[in-house]
Colleague: 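One structure, as structure tokens, below. Some questions next.
The chain is numbered in sequence order, starting from 1. Computed from heavy atoms alone, side chains included, the values below leave out hydrogens, waters and symmetry copies.
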Amino acid sequence: MSFLQSWPEPIVRVQSLSESGIRKIPDRFVKLPSDRSFNITDTKTTSINVPLIDLENLNSPNEFVRKETIDGISNTCREWGFFQVANHGVSHELMEKTRTIWHEFFQLSLEEKQKFANSPVTYEGYGSRIGTEVGAKLDWCDYFFLHYLPEALRDENKWPRLPVSCRKLVSEYGQELVKLSKRLTTILSIGLGLNEDYIHQSFGGNNETSACLRANFYPKCPQPDLTHGLSPHSDPGGITLLLPDTDIPGLQIRRGNNWLTVNPIPNAFIVNIGDQVQVLSNAIYKSVEHRVIVNSKKERLSLAFFYNPGGDKLIKPAHQLVTKDCPALYSPMTFNEYRSFIRTKGLTGKCQIESLKSPR
């Protein structure tokens, strides 16, 4: 992939803007009137509980309970694209410690965080924008992005050195979420009627599958109705495991013409389908447009773990799901080719995957 070596405009750290005490956000963060939160639905009162799946049921001696759980996940991927998982096997203590350590990172001095400032070449490090278009509207968010898999891309020297336990916790957390991601892709494959390792192998198996972590920090915003924490988009990768801030909701998903605020359940992960799984499933499973709203009274933090195909893996609809009555909807494309769009254009709803549908 070919990207700019540096950002096309000076980087503005959103946290520094927030802490400066401004009462009016800069124009570059003000969304067009048609894109603002309040123009679609009342984001303050419209909320929803997305389906909750108890993964402990997969260990049941009762075959019917196990099948019902797999079918439940498959159905939510077809109808919602989002669900929450409880009893997922990841230590609640590890979840809380990892969340806390990232809170502490964003409270470090700007000078310390700037040591890990990122560039559009890999996006790895401390960042404040997505996309390289000059004059683009920006989101009210700072983040830290790092690679976890494949191991050839993992460089812990690029991870925060402070707080001192950060690198160790991130490594442990990533290891546990890779296990959970593999488990979920097995369930998704079975739900499509494919071999249980189909998605895992399509992503590159144990050696090429990629995974990365993005810690999102949403500072307090004096004019939250004018901007977004993250603009509407569907995730370009495979599946996403989100550890949300449970104190104040911020994630919204699109259902028809409405935006609904997701109520996070303590100690659960919010899971959503990415574009690559939509392609592999020939649109049986759906990636869903979502966004993040911000708050004038409280800052928020969430951890998004992305489990993706290897960059050079060619992703296309599974041949078992392609028939005369249901032809392939998408042409083959590597994940590197696909995600170059979002890394250049930024977050643009679902226009990318919709534009890639093969003509019938």
Side-chain angles (χ1 to χ4, degrees), residues 3-44 106 110 117-121 123 125-145 214-236 240 249-254 257-261 275 287-296 299-302 304 338-355:
F3 296 106
L4 295 175
Q5 294 297 309
S6 60
W7 299 107
E9 300 165 309
I11 290 295
V12 177
R13 300 303 180 189
V14 179
Q15 186 177 3
S16 296
L17 280 176
S18 175
E19 293 175 352
S20 72
I22 60 171
R23 297 184 179 182
K24 182 180 179 181
I25 64 175
D27 288 343
R28 64 193 309 184
F29 293 94
V30 177
K31 305 299 181 180
L32 297 174
S34 59
D35 294 334
R36 296 175 192 170
S37 301
F38 64 84
N39 280 314
I40 297 183
T41 192
D42 184 352
T43 59
K44 296 181 177 64
F106 284 104
L110 180 59
N118 73 347
S119 76
V121 177
Y123 273 75
Y126 175 52
S128 297
R129 69 176 291 169
I130 301 174
T132 56
E133 288 197 334
V134 176
K137 293 294 185 181
L138 303 181
D139 290 331
W140 195 260
C141 176
D142 293 331
Y143 64 85
F144 199 104
F145 178 85
R214 180 177 149 127
N216 300 302
F217 185 76
Y218 305 103
K220 291 183 286 187
C221 179
Q223 295 177 297
D225 288 342
L226 299 184
T227 192
H228 294 130
L230 281 179
S231 295
H233 65 287
S234 59
D235 290 344
T240 302
L251 173 66
Q252 294 187 323
I253 63 174
R254 184 189 281 275
N257 292 323
N258 295 322
W259 287 98
L260 305 177
T261 304
D275 293 346
S287 63
V288 172
E289 195 174 353
H290 52 287
R291 68 183 186 186
V292 175
I293 56 175
V294 289
N295 190 276
S296 61
E299 62 192 26
R300 293 181 59 254
L301 181 136
S302 66
Y338 188 87
R339 65 180 170 184
S340 66
F341 179 95
I342 193 171
R343 289 189 171 186
T344 304
K345 301 293 185 181
L347 306 178
T348 54
K350 287 202 69 173
C351 70
Q352 180 184 9
I353 191 168
E354 294 301 324
S355 71

Colleague: Taking the side chain as every heavy atom from C-beta outward, state whether L17 and I25 have any atom pair closer than 4.5 Å.
Modeller: no
Colleague: Short question: side chain of S18, backbone of Q15 - any donor-acceptor pair under 3.5 Å?
Modeller: no
Colleague: Does any part of the side chain of I130, heavy atoms only, come nearer than 4.5 Å to the side chain of D139, both counted from C-beta?
Modeller: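 The answer is no, as the side chains (C-beta and beyond) never meet within the 4.5 Å cut-off.
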Colleague: Using 30° and 60° as the class boundaries, would you call the ring planes of F106 and Y126 parallel, tilted or perpendicular?
Modeller: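 Ring orientation of F106 relative to Y126: tilted.
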Colleague: Could you check whether the rings of H290 and H233 sit parallel, tilted or perpendicular, using 30° and 60° as the cut-offs?
Modeller: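 The arrangement is tilted - the two ring planes meet at 30° to 60°.
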Colleague: Would you find a donor on one side and an acceptor on the other, under 3.5 Å apart, between the side chain of W7 and the backbone of N118?
Modeller: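 Side chain of W7 to backbone of N118: a pair is present.
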Colleague: What distance do H228 atom NE2 and K137 atom NZ have between them, rounded to the nearest 0.5 Å?
Modeller: 12.5 Å
Colleague: Would you compute the distance between atom SG of C221 and atom CZ of R300 and round it to the nearest 0.5 angstrom?
Modeller: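 Reported to 0.5 Å precision, the distance equals 13.0 Å.
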Colleague: What is the distance from atom CD of E9 to atom CZ of R28, rounded to the nearest 0.5 Å?
Modeller: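 Result: 5.0 Å between the selected atoms.
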Colleague: Is there a donor in the side chain of S234 and an acceptor in the side chain of E289, or the other way round, less than 3.5 Å apart?
Modeller: no
Colleague: Drop me the distance from D142's CG to S16's OG, to the nearest 0.5 angstrom.
Modeller: 7.5 Å
Colleague: With a 4.0 Å cut-off, would you call D225 and K31 a salt bridge?
Modeller: no
Colleague: For Y143 and R214, work out which heavy atoms get closest and say how close.
Modeller: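 Closest approach of Y143 to R214, heavy atoms only: CD2-NH1, 3.5 Å.
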Colleague: What pair of heavy atoms forms the shortest contact from P8 to R129, and how long is it?
Modeller: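 That would be CG-NH1, 4.3 Å.
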Colleague: Working to the nearest 0.5 Å, report the span between OG of S128 and CZ of F144.
Modeller: 12.0 Å
Colleague: Do the side chain of Q252 and the main chain of W259 share a donor and acceptor less than 3.5 angstrom apart?
Modeller: no
Colleague: Taking all atoms of both residues into account, what is the closest heavy-atom pair of P222 and R23, and its distance?
Modeller: CB-O, 3.6 Å
Colleague: To the nearest 0.5 Å, how far apart are CD1 in I293 and OH in Y218?
Modeller: 11.0 Å
